[in-house]
Amino acid sequence: MYKPVKLPYDYSALEPFIDTETMNVHYNKHYLGYLTNLNDEIRKKNYRAIPIIKLITTIDDYSDNIRNNAGGYYNHSLFWKMLKPAKNQNGNLPIGISKRIINRDFGSYESFKKMIENKAKKRFGSGWVWWIIMPDGDTRIIETPYQDNPQMYFDCEILLGIDVWEHAYYLKYQADRMAYVNNIFNLINWNYPNEILNKYY
Ligand code: MN3
């Protein structure tokens, strides 16, 4: 059976940008909910619990129920590790290889952020915005609906993912998705993409 990733910080650690109650509900209700539903369905169907990445990359072979819950489980398992506490605006700025590749592929950190914001704005309804790396080392930004992710569509690795479901921000930001997206840049754990980028460069 699939197991939860432990939250690598306290529920309150991402304040003031993400509030304690949102983290509590997001982790315990939404994330653990996807996990429970996924395990229940796998058990019911007598499927083997193959490595989650294998399930994700062959997801078209499964029902929508498995797709949504496997995606929800996998995406959030990554998402918790992609965030890192910071108390101030610009507390976590790109460092090392992330900084170099962002400048190479997007011109500057500012235009990288702008591109992510535009994708987040464009995503009608629930979904995610992703920074991904292709097998040839090229990086790009895409958005996906619901709990889909780019690895369900084509061969790539995920460098960063931003959850733009309302449950990720509504308690604090209400309908202002863009204020949330703007603030989440303060919380990026750049060690996460750096580790992946270091395999390519
Ligand atoms: Mn979520």
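Order of appearance sets the numbers: ligands from 1, and atoms from 1 within every ligand. For reference, positions follow the sequence shown, starting with 1.
Exactly one residue among R123, K119, K121 makes a salt bridge (charged side-chain N to carboxylate O under 4.0 Å, His left out) with E143. That residue is R123.
For D163, the N/O/S atom at the shortest distance from the Mn ion (ligand 1) is named OD2.
Two rings, from Y31 and W80, have their centers less than 6.0 Å apart. Aromatic pair Y47/Y62: centroids less than 6.0 angstrom apart. Separation of the H76 and W165 ring centroids does not fall under the 6.0 Å cut-off.
When distances to the Mn ion (ligand 1) are checked against a cut-off of 2.8 Å, H167 contributes an N, O or S atom below that limit.
Rounded to 10°, the angle formed at the Mn ion (ligand 1) by NE2 of H76 and NE2 of H26 is 90°.
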